[in-house]
Amino acid sequence: MSSELDADIEAVVVTADQIRTKITELAREVDRDYADREPLLVGVLKGAVMFMSDLARELQRPSTMEFMAVSSYGSATTSSGVVRILKDLDRDISGEHVLIVEDIIDSGLTLSWLLKNLRSRNPATIEIISLLRKPDAVKVDVQVRYVGFEIPNEFVVGYGLDYAERYRDLPYIGRLRASVYTG
Ligand code: PRP
């Protein structure tokens with residue numbers, strides 16, 4: 001918790017309490033859906049770190065964890081959806097019940113690529129859970145099984161989401177003051 005960052009936040013978009021409540025709800029759904037299977041949570045670094053750790057602790061049944069780090073070529077607007085793997089999974093996922101854990105789906109390009117990539121490794125099942133989703137995500141045909149909050153198309157930080165690598169440690173999600181990035 002870094003209260004000194006609060007001054008840079010123009011408005012709170014999702015409070016820490018709302019995040020907690022939603023994660024409990026999502027975890028109950030995942031528990032129900034995976035009652036007879038052990039999910040392998042695949043967290044997409046770095047944004048998903050907070051969500052992944054809170055979700056895993058809220059699940060009532062065991063799960064295992066893997067992480068991937070990816071980076072899109074070019075800016076989001078010019079991206080062809082081609083993604084570079086910065087850190088790959090440490091193990092084979094064939095036959096596993098993979099649940100991709102994301103913090104946010106914006107253009108949807110990262111997930112669309114990741115889904116294809118992970119599917120080619122022959123998991124038994126593969127689903128997506130994302131804490132946040134922005135409106136543009138509907139343009140890409142990616143089935144997202146669990147979504148926490150639909151949020152407007154504005155620049156948000158906190159709870160894993162960064163601006164220039166900062167603000168990930170905020171316990172809530174907020175809109176950054178324009179003065180922070182215009183100087
Ligand atoms: C963010 C986020 C998603 C992706 C979503 O990651 O965590 O992975 O962008 O955007 P898209 O739907 O437009 O593809 P980012 O590349 O900023 O890396 P980070 O998680 O390390 O901050």
Side-chain angles (χ1 to χ4, degrees), residues 1-2 5 8-9 12-14 16 18-19 22-23 26 30 39-56 65-90 93 98-121 123 126-178 180-181:
M1 174 112 52
S2 317
L5 296 178
D8 294 345
I9 303 301
V12 175
V13 176
V14 189
Q18 288 173 320
I19 294 173
K22 183 63 76 177
I23 291 178
L26 291 170
V30 173
L40 166 55
L41 308 178
V42 172
V44 187
L45 295 171
K46 301 171 214 165
V49 159
M50 307 292 176
F51 181 39
M52 175 99 160
S53 90
D54 285 342
L55 177 71
M65 290 186 191
E66 282 291 324
F67 291 94
M68 259 184 105
V70 295
S71 134
S72 315
Y73 287 112
S75 71
T77 45
T78 60
S79 169
S80 54
V82 178
V83 170
R84 188 160 56 106
I85 296 180
L86 304 176
K87 185 226 170 292
D88 207 343
L89 303 176
D90 293 336
I93 57 166
V98 170
L99 181 55
I100 303 175
V101 182
E102 261 288 21
D103 51 337
I104 189 164
I105 309 173
D106 187 350
S107 68
L109 292 173
T110 304
L111 264 183
S112 156
W113 182 90
L114 198 59
L115 200 57
K116 264 191 221 120
N117 181 288
L118 295 182
R119 267 201 186 120
S120 72
R121 307 183 197 195
I126 187 160
E127 299 288 355
I128 298 163
I129 183 166
S130 182
L131 183 64
L132 306 169
R133 183 164 62 184
K134 282 190 177 180
D136 281 350
V138 298
K139 293 181 198 158
V140 172
D141 185 26
V142 175
Q143 297 297 316
V144 184
R145 180 74 182 251
Y146 314 92
V147 178
F149 301 94
E150 305 281 354
I151 60 164
N153 203 2
E154 50 194 23
F155 193 74
V156 291
V157 294
Y159 197 73
L161 295 155
D162 75 309
Y163 167 64
E165 294 302 327
R166 303 186 74 222
Y167 305 98
R168 294 193 200 273
D169 48 339
L170 275 179
Y172 58 86
I173 291 158
R175 198 165 70 226
L176 199 59
R177 284 188 197 287
V180 175
Y181 43 90

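The chain is numbered in sequence order, starting from 1. Keep in mind that the numbers below use all heavy atoms, side chains included, and drop hydrogens, waters and symmetry copies. Remember, it's 1-based here, ligands and their atoms both numbered in the order they're listed.
- Those atoms of ligand 1 that come under 4.0 Å of a heavy atom in Asp162, given as number and element, are 22 (O).
- Take Lys116 and apply the side-chain contact (heavy atoms from CB on, under 4.5 Å) test, not counting sequence neighbours, and it matches Ser112.
- Between the CG atom in Asp136 and the CG atom in Asn153 there is a gap of 5.0 Å [rounded to 0.5 Å].
- Interface atoms of ligand 1 facing Glu102, defined by a heavy-atom separation under 4.0 Å, are 2 (C), 3 (C), 7 (O), 8 (O).
- Nearest to atom 20 (O) of ligand 1 by heavy-atom distance, out of Gly47, Gly160, Gly43, Ala48, is Gly47.
- Distances below 4.0 Å separate heavy atoms of Leu109 from the following atoms of ligand 1: 12 (O), 14 (O).
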Determine whether Val13 and Glu154 satisfy the following criterion, side chain to side chain contact (heavy atoms under 4.5 Å, CB included), listing intermediate values before the conclusion.
CA-CA 10 Å; Val13 176; Glu154 50 194 23; 3.9 Å; yes
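- Salt bridge annotation for Asp103-Arg168: absent, with no cationic side-chain nitrogen under 4.0 angstrom from a carboxylate oxygen.
- Closest heavy-atom approach to atom 22 (O) of ligand 1 among the candidates Met68, Arg168, Lys46: Arg168.
- Across the listed options Asp106, Val140, Leu161, Val44, Asp106 owns the non-hydrogen atom lying nearest to atom 10 (O) of ligand 1.
- Polar contact with ligand 1: absent for Val70 (N/O pair, distance under 3.5 Å).
- Within the structure, the closest approach of Lys134 to ligand 1 does not fall below 4.0 Å when heavy atoms are considered.
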Identify all side-chain donor-acceptor contacts of residues 43-56 below 3.5 Å with residues at least two apart in sequence or on another chain.
{"residue": "Lys46", "atom": "NZ", "partner": "Glu165", "partner atom": "OE1", "Å": "2.9"}
{"residue": "Lys46", "atom": "NZ", "partner": "Glu165", "partner atom": "OE2", "Å": "3.3"}
{"residue": "Ser53", "atom": "OG", "partner": "Met50", "partner atom": "O", "Å": "3.4"}
{"residue": "Ser53", "atom": "OG", "partner": "Arg57", "partner atom": "NH2", "Å": "3.1"}
{"residue": "Asp54", "atom": "OD1", "partner": "Arg57", "partner atom": "NH2", "Å": "2.8"}
{"residue": "Asp54", "atom": "OD2", "partner": "Tyr159", "partner atom": "OH", "Å": "2.6"}

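- The Ser107 neighbourhood of ligand 1 comprises atoms 11 (P), 12 (O), 13 (O), 14 (O), with distances under 4.0 Å to a heavy atom of that residue.
- Taking CE from Met65 and CG from Leu40, the interatomic distance works out to 10.5 Å, rounded to the nearest 0.5 Å.
- Using a 4.0 Å cut-off between heavy atoms, Asp103 contacts ligand 1 through its side chain alone, with no backbone atom that close.
- Within the 4.0 Å heavy-atom criterion, neither part of Glu165 lies near ligand 1.
- Those atoms of ligand 1 with a heavy atom of Gly108 less than 4.0 angstrom away are 11 (P), 12 (O), 13 (O).
- The number of heavy atoms from other shown groups lying within 6.0 Å of NZ (Lys139) does not exceed 12.
- Counting atoms of ligand 1 from 1 in the listed order, those under 4.0 Å from a heavy atom of Ile105 are 12 (O).
- Atoms OH and CG, from Tyr146 and Leu131 in turn, are 15.0 Å apart once rounded to the nearest 0.5 Å.
- Contact atoms of ligand 1 toward Leu45: 20 (O), 21 (O) (distance under 4.0 Å to a heavy atom of the residue).
- Annotation: side chain of Asp169 is in contact with side chain of Leu5 (closest heavy-atom distance under 4.5 Å).
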